[in-house]
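Just so you know, these numbers use all the heavy atoms, side chains as well, and skip hydrogens, waters and symmetry mates.
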Amino acid sequence: QVQVVESGGGLVQPGGSLRLSCAASGLSSRFFTVGWFRQTPGKEREFVAAISRNGGNSDYADTVKGRFTASKDSATNVRYLQMNNLNAEDTAVYYCAVDVGLIWGLRMIARQYDYWGQGTQVTVSS
């Protein structure tokens, strides 16, 4: 059974930082693409970032480029999303999505991912 577990959300002041983590188990391979998405009430889930199966490629939405960094810990196979210089517009529920066979060119499309974490709330407020 595939499990995707996220952690690391919380309340942070504007300009602060948070690091989200994403751990997956039960997949057919330890190499998988991870996409990070976020969603606010009444809006569609939007692409935030992605990191490729081997961690060699990453991509970011324009709204977070230069502030967020996706990474992979090869020893533990956990993926991370480091979020710096957060602002109120970053407030959302953040989801980790995982897929073993995803074509990199489809990384920004939420429905292309097979497995999803439960979501973690990130609130940026003073």
Side-chain angles (χ1 to χ4, degrees):
Q1 184 178 357
V2 176
Q3 283 191 314
V4 180
V5 179
E6 313 169 36
S7 60
L11 173 64
V12 63
Q13 292 187 339
S17 298
L18 283 174
R19 189 178 75 162
L20 306 182
S21 64
C22 176
S25 61
L27 293 166
S28 59
S29 170
R30 67 188 311 271
F31 296 98
F32 45 87
T33 300
V34 169
W36 294 94
F37 294 79
R38 64 188 182 187
Q39 190 170 24
T40 53
K43 292 190 176 181
E44 290 191 359
R45 201 164 290 189
E46 68 169 349
F47 172 78
V48 175
I51 185 165
S52 61
R53 290 188 197 84
N54 62 4
N57 290 317
S58 58
D59 190 30
Y60 303 92
D62 287 343
T63 52
V64 307
K65 204 168 288 184
R67 300 187 297 122
F68 290 14
T69 303
S71 64
K72 169 187 173 181
D73 184 325
S74 295
T76 62
N77 216 24
V78 174
R79 275 51 168 190
Y80 296 98
L81 184 67
Q82 178 67 42
M83 306 186 296
N84 297 330
N85 194 20
L86 287 159
N87 57 58
E89 288 68 40
D90 296 316
T91 295
V93 177
Y94 283 71
Y95 296 90
C96 165
V98 170
D99 197 280
V100 172
L102 183 72
I103 298 171
W104 182 242
L106 301 177
R107 61 193 176 275
M108 294 189 293
I109 304 174
R111 67 178 182 273
Q112 294 292 332
Y113 290 83
D114 284 341
Y115 305 105
W116 290 78
Q118 78 281 6
T120 186
Q121 177 70 46
V122 171
T123 302
V124 184
S125 175
S126 55

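- Two residues are said to be in side-chain contact when any heavy atoms from C-beta on lie closer than 4.5 Å; S17 and V12 fail this criterion.
- Closest approach of V122 to G9, counting heavy atoms only: CG2-CA, 4.1 Å.
- Considering all non-hydrogen atoms of both residues, A110 and W116 come closest at O-CZ2, 3.2 Å.
- Between atom CG of residue L81 and atom CZ of residue R38 there is a gap of 9.5 Å, rounded to the nearest 0.5 Å.
- In this structure, the side chains of R107 and Y113 come closer than 4.5 Å at one or more pairs of heavy atoms.
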Does the pair D73 and S71 meet the rule for a side-chain hydrogen bond (donor to acceptor under 3.5 Å, both in side chains), with working shown?
CA-CA 7 Å; D73 184 325; S71 64; over 6 Å; no
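- Taken to the nearest 0.5 Å, the CD1 atom of I51 stands 9.5 Å off from the OG1 atom of T33.
- Contact annotation: the side chain of Y60 never approaches that of R67 to less than 4.5 Å [non-hydrogen atoms, C-beta and beyond].
- For the pair T91/Q121, a side-chain contact is recorded, criterion being any heavy-atom separation below 4.5 Å from C-beta on.
- A heavy-atom distance below 4.5 Å is not found between the side chains of Q112 and D99.
- Listed by chain and residue number, N84 satisfy the side chain to side chain donor-acceptor pair (under 3.5 Å) test with Q82 (two or more places apart in sequence, or in another chain).
- Between the CG atom of L18 and the CG atom of L11 there is a distance of 8.5 Å, given to the nearest 0.5 Å.
- Contact between P14 and S126 at its shortest, heavy atoms only, is CD-N, 3.7 Å.
- Contact record, A23 with V78: CB-CG2, 4.3 Å, taken as the closest heavy-atom pair.
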Check step by step if side chain to side chain contact (heavy atoms under 4.5 Å, CB included) holds for M83 and V64.
CA-CA 8 Å; M83 306 186 296; V64 307; over 6 Å; no
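- To the nearest 0.5 angstrom, Q1 atom CD is 11.5 Å from L27 atom CG.
- In terms of heavy atoms, F31 sits closest to V100 at O-CG1, 4.0 Å.
- Between E6 and L20 there is no side-chain heavy-atom pair separated by less than 4.5 Å.
- Looking at heavy atoms from C-beta onward, T120 lies out of side-chain contact with S7 at the 4.5 angstrom threshold.
- Scanning both residues, R30 and S74, for their nearest heavy atoms gives NH2-O, 3.5 Å.
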Chi angles and distances behind the side chain to side chain contact (heavy atoms under 4.5 Å, CB included) call for V4, Y95:
CA-CA 10 Å; V4 180; Y95 296 90; over 6 Å; no
Checking Q13 against V124 for the side chain to side chain contact (heavy atoms under 4.5 Å, CB included) test, could you report, in this order, the C-alpha distance in whole Å, the side-chain angles of both residues, the deciding distance, and whether it holds?
CA-CA 5 Å; Q13 292 187 339; V124 184; over 6 Å; no
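- When hydrophobic clusters are built by joining Ile, Leu, Val, Met, Phe, Trp and Tyr residues whose side-chain heavy atoms come closer than 4.5 Å, directly or via intermediates, V98 is not grouped with F37.
- With hydrogens and angles disregarded, a donor-acceptor distance shorter than 3.5 Å links the side chain of R53 to the backbone of L102.
- One hydrophobic cluster holds both W36 and L86 under the rule that ILVMFWY side chains link at heavy-atom gaps under 4.5 Å.
- No more than 12 heavy-atom neighbours from other residues, nucleotides or ligands sit within 6.0 angstrom of NZ on K43.
- In terms of hydrophobic clustering, with Ile, Leu, Val, Met, Phe, Trp and Tyr side chains grouped at heavy-atom distances under 4.5 Å, Y115 and Y94 are assigned to a common cluster.
- Tracing side-chain contacts under 4.5 Å through hydrophobic residues (I, L, V, M, F, W, Y), one reaches V34 starting from V2; they form part of the same cluster.
- Linking Ile, Leu, Val, Met, Phe, Trp and Tyr whenever their side-chain heavy atoms come within less than 4.5 Å puts V93 and F47 in one cluster.
- A 4.5 Å side-chain heavy-atom check between N77 and K72 finds at least one atom pair inside the cut-off.
- Contacts of E89 classified as salt bridge (Lys or Arg N to Asp or Glu O under 4.0 Å), with partners at least two apart in sequence or in another chain: none.
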